[in-house]
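In this text the structure is predicted, and so the values were computed from the model without any measurement.
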Amino acid sequence: MPRGTTLAFIALPLLALSLAYYAQSSSSPLGPAPHLGTGLQLSLALSGLIGYAQAAVQAPFRFKPVEQPEEVVIDTDEYEYTREPRPRFSRKIIAVGDIHGDIGNAERILQMAGVVDENNDWSGKVDVFVQTGDIIDRGDDTIELFNWMEDLREQALAVNGIVLSILGNHEYMNAIGDWRYVLESEKKTFEPRGSRLEAVTTGWLADAWAENYTTAARLPLHGLLGPPNTDYPVPDGSAFARANAGPLSHAAFSFVHGGLAPTYPNLQPFPSAINNLGSSLLHRLRERKPQPQPHPPSSYPGLPAGTTREEARLYGSDGPLWYRGWADEDERKVCRMVDEVLEKTGTRRMVMGHTPQFDSIAARCDGKVLIIDTGISHAYGGALSALSVEYTLEPVKGGGWKEQEIVKALYADHDDELLSVSTRDLDNLW
């Protein structure tokens with residue numbers, strides 16, 4: 001049968017059925033089919049016939065669709081990256097130093113850095129937020145600040161974000177009973193009056209410090225190395241042992257309040273050696289009965305009875321809470337020592353607060369030492385700043401990876417500053 005005859009043989013009955021359907025729907029008590037409309041009904045019927053006719057005519061000439069390549073390639077000036085099957089990994093980290101009782105400046109900084117939105121809720125724009133201690137003292141906003149940190153922790157966790165909180169020397173001072181930097185106006189914010197001592201020794205603040213704060217943190221830049229505070233060296237048999245022994249082994253940052261002194265004896269395993277000592281010292285402070293009255297006006301209570309030598313060293317001048325050498329000593333001297341500490345702690349850079357820089361974040365030793373306390377509290381009047389780290393691991397066409405860290409200082413009142421850019425080419429990740 002000729003092709004035109006075949007097409008007519010099939011198309012004419014379909015046209016008749018469409019016209020019958022149109023006539024039936026038009027004479028219905030409900031009127032034309034409400035889901036189509038009068039004009040649309042007929043046009044749909046005709047367009048169906050036209051589409052069928054086109055398909056019938058074109059069928060002998062159809063081509064098989066061209067198969068797409070398995071990998072989508074993006075060309076750049078230096079590299080060709082593939083998106084599949086090896087995905088690109090990125091992580092954005094924001095760290096903020098000493099806040100010292102100033103929620104207004106803290107909110108301004110976290111908004112500026114993209115950690116929180118205009119309502120001061122977790123924005124989802126960063127992956128990790130780190131605060132390096134000394135939230136307390138010198139200002140009145142202790143209660144608001146610590147409650148806000150707990151809110152942000154919960155909000156971040158709900159969307160796979162992370163909040164890491166470090167204890168500073170001032171948090172330990174308050175737990176010990178050294179209240180030299182507590183304002184009388186701040187004491188009055190605790191209700192009932194006199195409840196502040198309980199809060200920082202055995203109450204809600206002490207509970208938060210014990211459960212959600214550490215004295216040191218190790219933050220791997222890539223998930224292959226484990227979650228935050230995965231120890232280095234990694235224990236034998238750990239699921240992360242292979243990655244931590246490979247090319248990414250030191251792709252991590254350390255965060256403490258004061259600094260990791262080269263002379264400090266408890267750097268390994270990092271950070272659990274330090275954090276276990278911090279937990280045991282805080283536990284001893286909680287167990288004092290009765291709790292000593294704070295100094296001033298009472299005499300300085302000191303560390304509790306039974307404090308071990310290692311716990312006392314933690315709180316000593318070369319311990320991670322008080323050490324200032326990375327900020328204060330000659331740069332040539334500290335840069336000769338920094339690699340040894342980074343090697344022991346399984347990190348590439350160390351981040352600390354404690355020693356105010358006032359004008360800007362300080363990057364020493366090619367960005368291996370980052371000092372982020374810029375006196376952001378109104379008690380100091382320093383620069384409103386935050387540290388930004390953008391980490392990427394890109395697959396390269398033909399095999400291998402490109403790894404990059406971009407470290408910046410962000411400022412609320414003047415231009416941001418590029419502190420360090422590090423790029424490495426890796427043959428593999430293992």
K.L.:
Is a side-chain N or O of Ser123 found less than 3.5 angstrom from the main chain of Val115, in a donor-acceptor match?
P.N.:
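Flag set: sc Ser123 to bb Val115 pair under 3.5 Å.
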K.L.:
Just grab all the ring-ring contact (aromatic ring centres under 6.0 Å, His included) pairs involving residues 404-430, residues at least two apart or on different chains.
P.N.:
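Only Tyr411-His414 qualify under ring-ring contact (aromatic ring centres under 6.0 Å, His included).
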K.L.:
Do the side-chain N and O atoms of Thr347 and Tyr232 include a donor-acceptor pair separated by under 3.5 angstrom?
P.N.:
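Note: Thr347 and Tyr232 side chains miss the donor-acceptor criterion.
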K.L.:
Should the pair Glu329-Arg324 be classified as a salt bridge under the 4.0 Å nitrogen-to-oxygen rule?
P.N.:
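Arg324 and Glu329: not salt-bridged.
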K.L.:
Would you compute the distance between atom CD1 of Ile99 and atom CD1 of Ile109 and round it to the nearest 0.5 angstrom?
P.N.:
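Rounded to the nearest 0.5 Å, the CD1-CD1 separation comes to 7.5 Å.
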K.L.:
For Tyr181 and His100, I'd like to know if the aromatic rings sit close, meaning centre-to-centre distance below 6.0 Å.
P.N.:
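No, too far apart.
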K.L.:
Does a salt bridge link Arg284 with Glu287, judged by any charged N lying under 4.0 Å from a carboxylate O?
P.N.:
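The answer is no: the pair does not qualify as a salt bridge.
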K.L.:
Is any NZ, NE, NH1 or NH2 atom of the basic residue among Lys368 and Asp366 found under 4.0 Å from an Asp or Glu carboxylate oxygen of the other?
P.N.:
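No, this pair does not count.
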K.L.:
Could you tell me if Asp134 and His257 have a donor-acceptor pair between their side chains, going purely by distance under 3.5 Å?
P.N.:
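Yes, a side-chain donor-acceptor pair sits under 3.5 Å.
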K.L.:
Do Gln111 and Arg108 get their side chains close enough for a donor-acceptor pair, meaning under 3.5 Å?
P.N.:
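The criterion, which ignores hydrogens and geometry beyond distance, is not satisfied for Arg108 and Gln111.
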K.L.:
Any salt bridge between Glu403 and Arg348, counting N to O under 4.0 Å?
P.N.:
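Salt bridge flag = yes for Arg348 with Glu403.
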K.L.:
Examine the side chains of Glu311 and Ser280 and answer whether a donor and an acceptor come within less than 3.5 Å of each other.
P.N.:
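Their side chains do contain a donor-acceptor pair, which is all the 3.5 Å distance test asks for.
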K.L.:
Between Thr423 and Gln404, do the side chains contain a donor N or O and an acceptor N or O under 3.5 Å apart?
P.N.:
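Distance-only check passes for Gln404 and Thr423.
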K.L.:
Is it true that the side chains of Asn275 and Asn229 contain a donor and an acceptor less than 3.5 Å apart?
P.N.:
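Judged by distance alone, the side chains do not pair up.
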K.L.:
Would you call Lys344 and Glu340 a salt bridge, taking side-chain N to carboxylate O under 4.0 Å as the test?
P.N.:
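Yes, this pair counts.
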K.L.:
Would you say the rings of Tyr323 and Tyr264 are close, in the sense that their centroids are separated by under 6.0 Å?
P.N.:
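Not close enough - the centres of the two rings lie 6.0 Å or further apart.
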K.L.:
Answer yes or no: is there an ion pair linking Arg153 with Glu150, defined by an N-O contact shorter than 4.0 Å?
P.N.:
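The answer is yes: the pair qualifies as a salt bridge.
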K.L.:
Is it the case that His295 and Asp178 place a side-chain donor and acceptor less than 3.5 Å from each other?
P.N.:
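No pair is found: no donor N or O on one side chain lies under 3.5 Å from an acceptor on the other.
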K.L.:
To the nearest 0.5 angstrom, please state how far the CG atom of Leu164 sits from the CD atom of Gln131.
P.N.:
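These two atoms lie 11.0 Å from each other.
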K.L.:
Less than 4.0 angstrom from a charged side-chain N to a carboxylate O is my criterion; do Lys125 and Asp117 meet it?
P.N.:
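Between Asp117 and Lys125 there is no salt bridge, as every charged N stays at least 4.0 Å from the carboxylate O atoms.
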K.L.:
Strictly by modelled atom types, are Ser420 and Arg349 linked by a side-chain donor-acceptor pair under 3.5 Å?
P.N.:
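Yes.
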K.L.:
If the threshold is 4.0 Å, N to carboxylate O, is there a salt bridge linking Asp140 and Lys187?
P.N.:
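The answer is no: the pair does not qualify as a salt bridge.
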K.L.:
Does one side chain, of His354 or Asp373, offer a donor that lies under 3.5 Å from an acceptor on the other?
P.N.:
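Distance-only check fails for His354 and Asp373.
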K.L.:
Test the Arg88-Trp401 pair against the cation-pi criterion, namely NZ or CZ under 6.0 angstrom from the six-membered ring centroid and within 45° of the ring axis.
P.N.:
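Ring-cation test returns no.
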K.L.:
Does a salt bridge link Arg138 with Glu186, judged by any charged N lying under 4.0 Å from a carboxylate O?
P.N.:
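No, no charged N to carboxylate O under 4.0 Å.
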K.L.:
Tell me whether Arg364 contacts the main-chain N or O of Ala327 through its side chain, where contact means a donor paired with an acceptor under 3.5 Å.
P.N.:
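Checking the backbone N and O of Ala327 against the side chain of Arg364, a donor-acceptor pair under 3.5 Å is found.
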K.L.:
Answer yes if the side chains of Asp231 and Ser272 hold a donor-acceptor pair under 3.5 Å, and no otherwise.
P.N.:
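Present: a donor and an acceptor within the cut-off.
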